[in-house]
Protein chains: 2
Amino acid sequence: MPSTTRERILDAALELIQQQGFGGTTVTDIEELAGLSPGSGSFYRHFRSKEQVFREVLERELARAREHRRDFERGPVADPQEALTRRLVQQLDYLTKVRPLMNLLAREHGRFPDLTRRIRSVLVDQGIAEEAEHLGRDLPGEPAHDDPHALLAVVVSALTGYELSRGFFGRPPADIAPDRFAAALAALVTGRPGRE
Amino acid sequence: MPSTTRERILDAALELIQQQGFGGTTVTDIEELAGLSPGSGSFYRHFRSKEQVFREVLERELARAREHRRDFERGPVADPQEALTRRLVQQLDYLTKVRPLMNLLAREHGRFPDLTRRIRSVLVDQGIAEEAEHLGRDLPGEPAHDDPHALLAVVVSALTGYELSRGFFGRPPADIAPDRFAAALAALVTGRPGRE
DNA sequence: GTCTATATGTCGATAGAC
DNA sequence: GTCTATCGACATATAGAC
């Protein structure tokens, strides 16, 4: 674990921008949290500007998100409902890991439109939506929903809404734990209440 | 429609803080958008400080949210699934109306912790969660879910996730329109696919 | 590669003319 | 109630010693 100054600056910038936003974070703040003398320009030996460090922070988080996405297990499908529950828990776990990215998006969408598009691409187009398509395939077609496309949107919305509520308010909706939430959602999708 | 200078300042501040955040918005920006001479201190004839205008913007949005919440119709319950769909569409409509509040929350939670608590109180504790409880009562208990509390969390999460995706990314998940989304969610909850 | 010191600009806020 | 002008604080960024 070398933890170079450059990396400590990236860590500090990520932390502060999540808390205070880009406009509310000063280079002096970043220097202080990175262990440099606040107010000295030591920051500028590592990054050309405040905007550049923001862009590199974002690149790093996007790369991390892609890595986390590769970690998904593809276990054997025994009981479809249990397999679905496990998969949904994985999705929630993934969303928790990319929370920094969601926080950056929530704060700075609009200021950097190109980056918003890239986050959306990783988080939705390639990410959640694509994986949710797999959910559709894993389903053995039991209840035969009449609008599978809309069902997909419901599942994706439920997962992201759950995670965003945790991020913004500090606690999940109705204080339901992730595995319990996933089980309820899986029961809903498979059409089986769980107890029969 | 008098549209006093004071009100134009509040409108401008709301708009800019949503776009750029509190730290990223200058008093000069607000003055310019409000039709005042940028850089002149005319702003200060109406508000004591930048922080005060932020607090008043937020009070106004909280009051508006409470008003919108009173607008809910309570029509007769004919077909439970259709009634549920109508109610979910209303919920989505409500969330769209309070989007400014959600944007302020997304940006400034952490900077003003007391206000975060108040937004959560209006948006979740009194608001969505409470209304979602009504959903539980409206349901004739048909499918008899084994974890109604978790089901509530799923419905609330789906609604907020759908709306937040629209707000952050500019389009709903999977590009599904609100009424189609509500219908799919209602079908899921009542356990009836819609076509039988 | 980090420091002290500082140049340069901008922001929040005030003073005072009209 | 809006303007011009400005003060003081602070922010980004640079220069140069060590």
Side-chain angles (χ1 to χ4, degrees), chain A residues 1-60 103-104 107-108 110-115, chain B residues 1-60 103-104 107-108 110-115:
Chain A
M1 289 297 155
S3 178
T4 65
T5 301
R6 185 184 168 83
E7 282 164 345
R8 287 204 316 278
I9 289 178
L10 284 171
D11 294 340
L14 172 62
E15 178 66 22
L16 289 169
I17 293 172
Q18 284 187 85
Q19 286 176 16
Q20 313 174 0
F22 179 78
T25 299
T26 70
V27 172
T28 301
D29 290 339
I30 297 174
E31 285 173 333
E32 186 161 23
L33 190 58
L36 297 171
S37 176
S40 73
S42 297
F43 168 93
Y44 293 96
R45 296 282 170 180
H46 304 273
F47 297 93
R48 275 204 314 276
S49 67
K50 195 173 112 177
E51 178 162 342
Q52 197 217 335
V53 82
F54 176 79
R55 292 185 179 274
E56 291 207 23
V57 161
L58 217 132
E59 294 297 334
R60 198 177 60 162
N103 287 336
L104 293 179
R107 278 200 174 277
E108 306 303 335
R111 189 194 297 258
F112 302 93
D114 55 326
L115 298 178
Chain B
M1 290 297 155
S3 179
T4 64
T5 301
R6 185 184 169 83
E7 281 165 346
R8 288 205 316 278
I9 290 178
L10 284 170
D11 293 340
L14 172 61
E15 178 67 20
L16 290 169
I17 292 172
Q18 283 187 87
Q19 285 175 16
Q20 312 174 0
F22 179 79
T25 299
T26 69
V27 171
T28 301
D29 291 338
I30 297 174
E31 286 173 334
E32 186 161 22
L33 191 59
L36 297 171
S37 177
S40 74
S42 298
F43 168 93
Y44 292 96
R45 296 283 169 179
H46 303 273
F47 297 94
R48 273 203 317 275
S49 67
K50 196 174 114 177
E51 178 163 343
Q52 197 217 336
V53 81
F54 175 79
R55 292 185 179 274
E56 291 207 22
V57 161
L58 216 131
E59 293 298 335
R60 198 177 61 164
N103 286 337
L104 292 178
R107 281 200 172 276
E108 306 304 335
R111 189 193 297 257
F112 303 93
D114 55 325
L115 298 178

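The chains referred to below are lettered A, B, ... by the order of the sequence lines, with proteins before strands, and numbering in each begins at 1.
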Donor-acceptor pair under 3.5 Å, A:R45 side chain vs D:dG16 base: yes

Sugar-phosphate only, base, or nothing, as touched by B:T26 at under 4.0 Å among non-hydrogen atoms: sugar-phosphate

Nearest listed nucleotide, side chain of A:S37, among D:dT2, D:dT4, C:dT4: C:dT4

Trace of the salt bridge (Lys or Arg N to Asp or Glu O under 4.0 Å) decision for B:K50 with B:D29: CA-CA 11 Å; B:K50 196 174 114 177; B:D29 291 338; over 6 Å; no

Whole-Å distance separating the CD1 atom of A:I9 from the P atom of C:dT2: 7 Å

A:F43 CZ to D:dA11 C1', straight-line distance once rounded to whole Å: 13 Å

Nearest atoms (heavy-atom pairs only) where A:L16 meets A:T25: O-OG1, 3.3 Å

Euclidean distance, atom CG of residue A:L16 to atom P of D:dT12 [Å, nearest integer]: 12 Å

Position toward the 5' end of DNA chain D (nearest nucleotide), A:G41 or B:T5: B:T5

Nearest-angstrom distance from the residue atom CD1 of A:I30 to C1' of D:dA11: 12 Å

Residue A:L36, side-chain heavy atoms: nucleotide from D:dT12, C:dA13, C:dT2 that is nearest: C:dT2

Sugar-phosphate only, base, or nothing, as touched by B:S42 at under 4.0 Å among non-hydrogen atoms: base

Backbone of A:L104 reached by a side-chain donor or acceptor of A:E108 within 3.5 Å: no

Among D:dC3, D:dG1, C:dT2, the one nearest A:H46 by side-chain distance: C:dT2

Interatomic distance where NZ belongs to B:K50 and P belongs to D:dA9 [whole Å]: 18 Å

Side-chain donor/acceptor of A:E31 to backbone N/O of A:S42, under 3.5 Å: yes

Distance in angstrom units between B:E31 CD and D:dT4 P, rounded: 11 Å

Nearest-angstrom distance from the residue atom CD of B:E51 to C1' of C:dA13: 14 Å

Listed nucleotide nearest any side-chain atom of A:Y44, set D:dT2, C:dG1, D:dA13: D:dA13

B:E7 side chain to B:T4 backbone, donor-acceptor under 3.5 Å: yes

Between P of C:dA13 and CD of B:Q52, the distance in whole Å: 10 Å

